[in-house]
Amino acid sequence: MPLDAETLSPSLLLTALFALALVASVLIRFWLASRQMRHVAEHRQQVPAAFQAQISLAAHQKAADYTVAKTRVGLLELAWGTVVLMGWTLLGGLDALNQALLDALGPSLWQQLALLASFAVIGGLIDLPFTLYQTFVIEERFGFNKMTWGLWLGDLLKSSLIGALIGLPLAALMLWLMGSTGRYWWLWAWGSWMAFNLLLMVIFPTFIAPLFNKFKPLEDETLKARVSALMARCGFAAKGLFVMDGSRRSAHANAYFTGFGAAKRVVFYDTLLAKLSPGEVDAVLAHELGHFKHKHIVKRIVGLFAMSLAGFALLGWASGQIWFYTGLGVRPSLNGANDALALLLFMLAVPVFSFFISPLFAQLSRRHEFEADAYAVAQTSGAELSSALLKLYEDNASTLTPDPVFVKFYYSHPPASERLARMAG
Ligand SMILES: [Zn+2]
């Protein structure tokens, strides 16, 4: 058949590009995961020289086994996720769901809302086996899981309810803006989306997080005095220091800052306080303060604003093209609204393409971590930060010998060897 305008239509071109990007990204991810598993397994027999004084062979091997187990499940998830993505798009799943809802409800805002809601529910159910396996098999096997079935079910019900209470009005607002504000709807939608994100940052620590965990003011007076002195020295005011009962669900340890402006608070997991000495807690907190001092949080929010503006502009343009739907396996309705379809297709297709620039963001994040480490070393002590990090690596069974290429693609934090080398030097 000769090449003509029909075979080169934008719709076919999009299908080809999407399929090509999907195949390429899946191949790269399989390659990276197998490199990581091989590299970790090859270094399993010996603790790296730099860590031999602090890390036992048993702990090193546990980290290797945990890393390999998680990466292997990740591969299964990748394979399954690819099948599901193909099912929704080119194989016609989203189209079938849309047509069924059109038959049942007729073209309306309700039909579109029902499409978004049923997509979310079906997607959640499809992912459920992996979430369960992750928690009750992998985390359980390595002694991290503290979750009971009752707690798990309670969490699921609570988060579904909150998701519906927040998500449905937000989705209705988006659909209404798309349908009623004319050509530049995407600017309105972007503005509302950003306002929603900022609002969430304010209400999450005070209203949502307490539904899942208990937060108690830090009571240890020695630690409190020490932490307050550090914060005063660095010029920080926070609304409070809190301890969260992270041990209810998992043995993994962490500390974080949350909220902004007057709602800013410091949260320590109880698991962290149980494992680190006061000096080490200080050093970990100073690292978090370093992120603030270097304006990493503000930069991240500004970056999010800019990228979502570009995303909404692209969606604004694509949603008006018939080939955007047909190229991804969906028949748009020619007289009704296709806004919910456009949102879903966009959410499904964009990650396939953005995967290729994800190493840039990982690289930026690793640079920020080095900057925060340097700040912590200047404000507290490099020795305390090093020993705190090593304890956390050991307790979380994070491998000390990741594959360098895997690190470049995925790691938001530099590997322990690089961080400790910089602190010492
Ligand atoms: Zn950090």
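Whatever order the structure lists ligands and atoms in, that order sets their numbers, starting from 1. In this text, all values refer to a predicted model and were calculated from it rather than measured experimentally.
Residue H291 counts as close to the Zn ion (ligand 1), with an N, O or S atom under 2.8 Å. Distances from the Zn ion (ligand 1) show that H287 has an N/O/S atom below 2.8 Å.
Side-chain atoms of F212 and S159, non-hydrogen and from C-beta on, do get closer than 4.5 Å to each other. The closest side-chain heavy-atom distance from K216 to D270 is not below 4.5 Å. Within the 4.5 Å cutoff, the side chain of M147 has no heavy atoms near those of the E140 side chain.
Nearest N/O/S atom of E369 with respect to the Zn ion (ligand 1) is recorded as OE1.
Aromatic ring pairs are classed by plane angle as parallel below 30°, tilted from 30° to 60° and perpendicular above 60°; the pair F305 and W190 is perpendicular.
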